[in-house]
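Heads up: the structure comes next, in structure tokens.
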Amino acid sequence: ALTAINSELEAFNYSIAHDLRTPLRSMSGFAKALLEDESANLTPLGLEYATRIARSANYMDNLLLDMLAYSRLAGAEMAPETFTLEEPISELLSLVEKEIRDRKVKVEVCSPLGTVFAHLPTFKQILTNLISNGVKFLSPDRPPELKIFTTRLPGFIRLWVQDNGIGIAREHHDKIFGLFQRLHDSQAYPGTGIGLALVRKGAERMGGRVGVESEPGQGSRFWVDLPTGPLSGDGN
Ligand code: ADP
């Protein structure tokens, strides 16, 4: 009964997030039209208000897209396949190439990383979030570095994404994997607070686990355990 209620709630969550995007698109479209077509008729204060509406609509759309991604991931069929880690990781790094270049992040990938048996789209989603956090929460005190490497465990490969950024206090290590949990103000570090919840949900659904080692000011190392072969039981 609990499983049925849970999947009903997930479907409900998905359809709300999906349906809210339609009126939001209209609000965002009219705010943009005000800024682009009617700017000559607006006072500076009117322009500022329209800019704020457009910015908030954009933020809300990012939230809804992340919620949709989370719901999809919670309910999706996950057919695992065998793949080596290098290829998807270099693909994902190329997607954030601009951020890496603009923020002058030194990236190191320690090959060979190994081969896993996992759901490739979910793996990519997890890594996208860990990499984008790794190049976002930078420390003002040192040149940013991002290192991706693996260690071995029985039946699993532990994939590490390590940065030398602002770090996270121990008391927050568990909390940050919850939905909408953010430790930093959104002006300095924009985000929705869904990324790490998605990472945890994705890893668990693939039969793996996630965690973090970090101290404030000392950088963070996030890890994900990925199965190297078919799991016995349901993997949880
Ligand atoms: P978002 O990045 O959208 O804020 P996440 O769920 O990805 O949301 O992360 C939750 C919070 O955990 C972040 O707001 C930030 O406070 C903290 N955090 C995540 N990754 C890092 C990191 N690499 N270094 C420091 N803090 C981090």
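Hydrogens, waters and symmetry mates play no part in the numbers below; they use all other heavy atoms, side chains included. We count ligands from 1, going down the list as the structure has it; atoms in each ligand are counted the same way.
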Quiz item: In this structure, are over 12 heavy atoms from other groups packed under 6.0 Å from R52 atom CZ?
Solution: no
Quiz item: Contact residues of ligand 1 with a heavy-atom cut-off of under 4.0 Å?
Solution: N133, K136, F137, D163, I166, G167, I168, I176, Q181, R182, L183, H184, G191, T192, G193, I194, G195, L196, S220, F222
Quiz item: Are E91 and K124 close enough for a salt bridge, meaning some N to O gap below 4.0 Å?
Solution: yes
Quiz item: For the residue pair Y189 and F137, does the interplanar ring angle fall in the parallel (under 30°), tilted (30 to 60°) or perpendicular (over 60°) class?
Solution: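 Tilted: the ring planes of Y189 and F137 meet at 30° to 60°.
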Quiz item: In terms of ring plane angle, is the pair F149 and W160 parallel, tilted or perpendicular, where the classes change at 30° and 60°?
Solution: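 If you compare the ring of F149 with that of W160, the planes turn out parallel.
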Quiz item: In chain order, what residues pass the side-chain contact (heavy atoms from CB on, under 4.5 Å) check against L73, with sequence neighbours excluded?
Solution: M78, T122, Q125, L198, K201
Quiz prompt | Exercise: do N13 and S71 side chains pair donor with acceptor under 3.5 Å | solution = yes
